[in-house]
Amino acid sequence: MTDKRVAIVTGGARGIGAAVAKRLAEQGRDVAVVDLDEAATAETVEAVRAAGGRAIGVGADVSRTEAVEAAVGRIADELGAPTILVNNAGILRDNLLFKMTDDDWDQVVAVHLRGAFLMSRAVQRHQVEAGWGRVVSLSSTSALGNRGQANYAAVKAGLQGFTKTLAIELGRYGVTANAIAPGFIATDMLRQTAERMRITYEDFLAGAAKEIPVARVGQPEDVAEAAAFFTSDAASFVSGQVLYVAGGPKA
Ligand code: NAP
């Protein structure tokens, strides 16, 4: 497929977002790589270009309305109307409930939920006008509940409800919305978790692999493949779904 549609991947500087940006470029998309620090997007932008796509890096905090509006406006001006959105930006502020601070809660809600809301609202204008669109939001197996992640579990479950609602509201405009719920994917995000648990990252990965039916941890590319499917032209009858990419059953 060589459709020159414009995709936005938030949190695309590294980890899952970087792999998704590259995979979408291989699928023929142009990609705007949005992350907190524009300079940090350089490597992903280069990877998209190497895969044959046009790309720009855009610095924006997805939890801030003005920043989101400015970013989406700039992307429309420089690359063309964005009709594919991957809500991937995320942070962890893990703690057991009794130790979780107001800031731990608010920051996680702001980036994951408010961020996905603001980005989706800004992009849907372009999607509705085009009569075509794809929204993919990163949920998590933590949506099913996970010790130390009351904030994160709540937002990842929230994104599933958000996704189903977008699917219902936007379907008539040719827009689908789906969620990917990854299990254990080897990225910097989980380095933080290993540090918090006071074990080495390598031991953390090895321990996790033992619990996963396919006997390995996931890689960002495993998630990117699911994003490529959901954002493809061919997936137009698949909407409001949550796909667990976790190496075995979760839900
Ligand atoms: P990561 O390596 O930590 O990358 C996340 C990216 O998001 C970083 O580049 C980060 O920028 C950026 N970001 C954070 N806050 C932002 C904001 N307010 N505005 C714009 N960008 C922001 O994480 P990952 O492991 O690739 O995870 C990507 C997504 O998948 C997240 O939504 C995560 O919750 C979800 N997920 C991950 C796993 C896993 O096992 N890794 C499992 C399930 C779900 P900075 O570097 O500047 O902070």
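Counting starts at 1 for both ligands and their atoms, following the listed order. Quick note: residue numbers are just sequence positions, from 1.
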Donor-acceptor check, side chain of Arg5 to backbone of Ser232, threshold 3.5 angstrom: yes or no?
no
Is Gly183 close enough to touch ligand 1? Criterion: a residue heavy atom under 4.0 Å from a ligand atom.
yes
Just let me know how Leu190 lines up against ligand 1, side chain, backbone, both or neither, with a heavy-atom cut-off below 4.0 Å.
side chain
Between Arg74 and Glu38 (salt bridge meaning N to carboxylate O under 4.0 Å), is one present in this structure?
yes
Check if Ala60 has a non-hydrogen atom at a distance under 4.0 Å from any atom of ligand 1.
yes
Can Gln241 and Asn178 be counted as having a side-chain donor-acceptor contact under 3.5 angstrom?
no
Is a donor from one side chain sitting under 3.5 angstrom from an acceptor on the other, for Thr83 and Gln127?
no
Based purely on interatomic distance, does Ile16 place a nitrogen or oxygen under 3.5 Å from a nitrogen or oxygen of ligand 1?
yes
Are any of the N/O atoms in Val62 less than 3.5 Å from those in ligand 1?
yes
When you measure from the heavy atoms of Pro220 to every atom of ligand 1, does any distance fall below 4.0 Å?
no
Can you find an N or O of Ser63 that's nearer than 3.5 Å to an N or O of ligand 1?
no
Ligand 1 versus Ile185: contacting region, heavy-atom distance under 4.0 Å
both
Short N or O distance, Asp35 and ligand 1, threshold 3.5 Å exclusive:
yes
For ligand 1, is any non-hydrogen atom under 4.0 Å from Ser139's backbone (N, CA, C, O), its side chain (CB onward), both, or neither?
backbone
Among the heavy atoms of Arg64, does any lie under 4.0 Å from an atom of ligand 1?
no
So, is Thr141 polar-close to ligand 1, with some N/O to N/O distance under 3.5 Å?
no
Is Gln192 close enough to touch ligand 1? Criterion: a residue heavy atom under 4.0 Å from a ligand atom.
no
Has ligand 1 got any nitrogen or oxygen that is less than 3.5 angstrom from a nitrogen or oxygen of Asn88?
yes
Could you tell me whether the side chain of Ser137 and the main chain of Leu159 form a donor-acceptor pair under 3.5 Å?
no
